[in-house]
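Chain identifiers are assigned alphabetically (A, B, ...) following the order of the sequence lines, protein sequences preceding nucleic acid strands; residue numbering begins at 1 within each chain.
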Amino acid sequence: MTLYLHNTLTQQKEIFTPLNPNQVTMYVCGPTVYNFVHIGNARPVVVFDTLFRLLQRHFPKVIYARNVTDVDDKINAAAKANNESIRDFAERYAIAYREDMGNLNNLPPTLEPYATDNIDAMIDQIQALIKNGHAYEAEGHVLFQVSTDSQYGKLSKRNMDDMIAGARVEVAPYKKEPADFVLWKPSSDDLPGWDSPWGRGRPGWHIECSAMISKHLGKTIDIHGGGMDLIFPHHENEIAQGTCCHEHGQEAFVRYWMHNGYLNIDGEKMSKSLGNFRTVRDLLQEWPGEVIRYALLTAHYRKPLDFSGDLLANAKSSLDRLYNTLRESPLAVDGNVRHPQLDELEKHLQDDLATPQALAVLHALAGEINKAQGDEKIRLQKTLRKAGDCLGLLNQDSEAWFKWQPAGKTGGLSDAEIDALIVERNDAKKAKNFGRADEIRKQLKEQGIVLEDSKDGTRWTRE
RNA sequence: GGCGCGAUAGCAAAGCGGUUAUGCCGCGGAUUGCAAAUCCGUUGUAGGCCGGUUCGACUCCGGCUCGCGCCUCCA
């Protein structure tokens, strides 16, 4: 197996080889849990879940960590307004996040460290940075001194002069140099805080990730992922912290940096600050989670993807076609199935997660299934189930898929009522009373129920 | 101001220096009591614009136009 991954550090595809051939370590930046996540937040989760599945197929052990940021100024303010602890406040959204991501068929990560459970590791790392001459204390803050890191800027490809020239940041008076960033900041009595060598305070934004990586995954990890917007400053600063806190020798802090492109709305980035976002939670009221997942996989992960109702409708139609070929096929994935199309699918995924082509393979298999009969058909259906599993798709029963209806929709016909009308219609058909049969078809159609007659009986689906 | 990305048919979205991406939508045929699904065929002059390299470019190179992103919380 040769796996190619695009590395943001080198801006090109590289052959992936883990530092330890028996174990891959991967860290992906998780959510700051102060509200429901939007569909743009779901893109990296789906992308790296797909990578996680791929890695698991080819390496004996994969440790995938995704953090939960449960302390930050937005959380602090919201928890205070609610008169509850940041932990209680944050945990509600952390649970919602896990539910939402689960509904998109994302596997749980191996580890989900919480920032507030790892304050000690952050303090340790900050102390190491001070000891190594990369950080300094000033007015209760601890700051990383960027000029002490000759490698600074290597991920985001920018140099200090450019940054200072274009800086729109106010420079705090206690900074030695404008680009220095906060590792630790003091907390007033009404803010969450932890005791530290620099007084009661709380961590800066970037330190949690590098500290938790060091603590849970080690000095060097194989893959670190996240959205493009994290390249600067978040990941650049993580590199500075994670590299300067200890002797690294030849090995980097992170060996492969991967970043997904944005989800756009009308060509503009979806973001919380622009307010042009849709929450995953809302979308799940209208669409199956699998449709959302499929939609996110239709574009290559590094490309922008314009999000729209049409995108989801197209994804739904495509999945309808695939599920139609899986009627009566068992759900369990048969690990022993072999088929050239599976090799083709693997080849595409191994080429920096070429999911659009991987989806094309699913459709090629569907075409074969539609033409096949008997055992050959069953074998191909098993193949398609397995192919779908590689992408986190096609893991449900076809009948359930076609009978699905939006959670937000109420008052429609129940399954039993529909079945009763179908019985009545079939009786009418037997009696050659096609007028009544068509009337029932029409009546159901008006309710969004489509009937399909076949020699094996009548099936129905919700539109 | 600095740095970077993109432009493909009705819609979405890929690979590839010459041979069908794929899905949805459209059209014709088969099948069907009707319908759907499926199969066969097929169209919509596809590759932002202008040059260059080449026997040949959507695919490589240069310029232009337009759009977008990061430099500030952000996936």
Grab the NZ-P distance between A:K74 and B:U72 for me, whole Å please. 15 Å
Anything under 30° is parallel, anything over 60° is perpendicular, the rest tilted; go ahead and classify A:H235 against A:H259. tilted
When you compare B:A21 with B:A9, how far apart are their P atoms, in angstrom units rounded to a whole number? 13 Å
Rounding to an integer number of Å, can you tell me how far A:K432 NZ sits from B:G33 P? 9 Å
In residues 433-449 of chain A, what residues come within less than 4.0 Å of RNA chain B, judged by heavy atoms? A:F434, A:D438, A:R441
Does either side chain, that of A:N370 or that of A:T325, offer a donor lying less than 3.5 Å from an acceptor on the other one? no
Write down the distance separating the C1' atoms in B:U43 and B:C5, rounded off to the nearest Å. 34 Å
Quick one: which of B:C39, B:A36, B:G33 gets closest to the side chain of A:D453? B:G33
P-based separation of B:U59 from B:G52 [nearest Å]: 14 Å
Which nucleotide in the list B:A75, B:C71, B:A12 gets nearest to the side chain of A:F232? B:C71
Classify A:N264 by what it touches in the nucleic acid, base, sugar-phosphate, or nothing, heavy-atom distance under 4.0 Å. nothing
With A:E424, the salt bridge (charged side-chain N to carboxylate O under 4.0 Å, His left out) member among A:K429, A:K430, A:R436, A:R441: A:R436
Between B:A37 (P) and A:W401 (CH2): distance, integer Å: 15 Å
Report the distance from atom CG of A:D310 to atom P of B:C11, rounded to the nearest whole Å. 10 Å
Which part of the nucleic acid, if any, lies within reach of A:G226 when heavy atoms closer than 4.0 Å are counted: base, sugar-phosphate only, or nothing? sugar-phosphate
Dump every N/O contact between nucleotides 40-43 of chain B and the protein below 3.5 Å, one line per pair.
unit_1 : atom_1 : unit_2 : atom_2 : d
B:C40  : OP1    : A:K371 : NZ     : 3.0

Does a donor on one side chain and an acceptor on the other come within less than 3.5 Å for A:H363 and A:R321? yes
Which nucleotides of nucleotides 21-32 of chain B have their base under 4.0 Å from a protein heavy atom (B), which only their sugar-phosphate (S), and which neither (-), written as one string 5' to 3'? BSBS--------
Rounded to the nearest angstrom, tell me the gap between atom CE in A:M270 and atom P in B:G69. 13 Å
For the residue pair A:D72 and A:T32, confirm or rule out a side-chain donor-acceptor distance under 3.5 Å. no
Determine the interatomic distance between P on B:C25 and the same-named atom on B:C16; round to the nearest Å. 29 Å
Could you tell me whether A:G225 contacts a base, only the sugar-phosphate backbone, or nothing, with contacts defined as non-hydrogen atoms closer than 4.0 Å? nothing
Looking at every strand, decide which applies to A:H300 at a 4.0 Å heavy-atom threshold: base, sugar-phosphate, or nothing. sugar-phosphate
On RNA chain B, nearest-nucleotide positions of A:N324 versus A:R425: which is more 5'? A:R425
Counting only side-chain heavy atoms from C-beta out, which of B:G33, B:A36, B:C70 sits nearest to A:K429? B:G33
In terms of relative ring orientation, are A:Y174 and A:H141 parallel, tilted or perpendicular, with 30° and 60° separating the classes? parallel
My understanding is that only one of A:Y262, A:Y97, A:F277 makes a ring pair (Phe, Tyr, Trp, His ring centres under 6.0 Å) with A:H38; could you say which? A:F277
Can you measure A:N260 atom CG to B:C68 atom C1' for me and round it to whole angstrom units? 16 Å
Give me the distance, rounded to whole Å, that separates B:A46 from B:C11 when you measure between the P atoms they each carry. 13 Å
Is it the case that A:E208 and A:N118 place a side-chain donor and acceptor less than 3.5 Å from each other? no
When you compare B:A35 with B:G28, how far apart are their P atoms, in angstrom units rounded to a whole number? 14 Å
B/S/- contact track for nucleotides 4-9 of chain B, protein heavy atom under 4.0 Å: ------
A:H235 NE2 to B:C70 P, in whole Å, measures 15 Å
Contact list please: residues 271-282 of chain A against RNA chain B, heavy atoms, distance less than 4.0 Å, in numerical order. A:S271, A:K272, A:S273
Taking the side chain from A:Q11 and the backbone from A:T8, do they hold a donor-acceptor pair closer than 3.5 Å? no
Verify ring-ring contact (aromatic ring centres under 6.0 Å, His included) between A:Y256 and A:H224, making sure each step is shown before the conclusion. CA-CA 6 Å; A:Y256 301 85; A:H224 189 137; over 10 Å; no
Exercise: do A:S210 and A:Q241 side chains pair donor with acceptor under 3.5 Å: yes
Report yes or no: do A:S398 and A:R327 form a side-chain donor-acceptor pair below 3.5 Å? no
Rounded distance in Å between the C1' positions of B:C24 and B:A13: 11 Å
Give A:L451 one of three labels, base, sugar-phosphate or nothing, depending on what nucleic acid heavy atoms sit under 4.0 Å from its own. base
Euclidean distance for P, B:G15 against B:G48 (whole angstrom): 15 Å
Starting at the 5' end of RNA chain B, what dot-bracket string do you get if Watson-Crick and G-U pairs under 3.5 Å are bracketed, crossing pairs use [ ], other-strand pairs use | and unpaired bases use dots? (((((((..(((.....[...))).(((((.......))))).....(((((..]....))))))))))))....
In whole angstrom, what separates A:L305's CG from B:A12's P? 10 Å
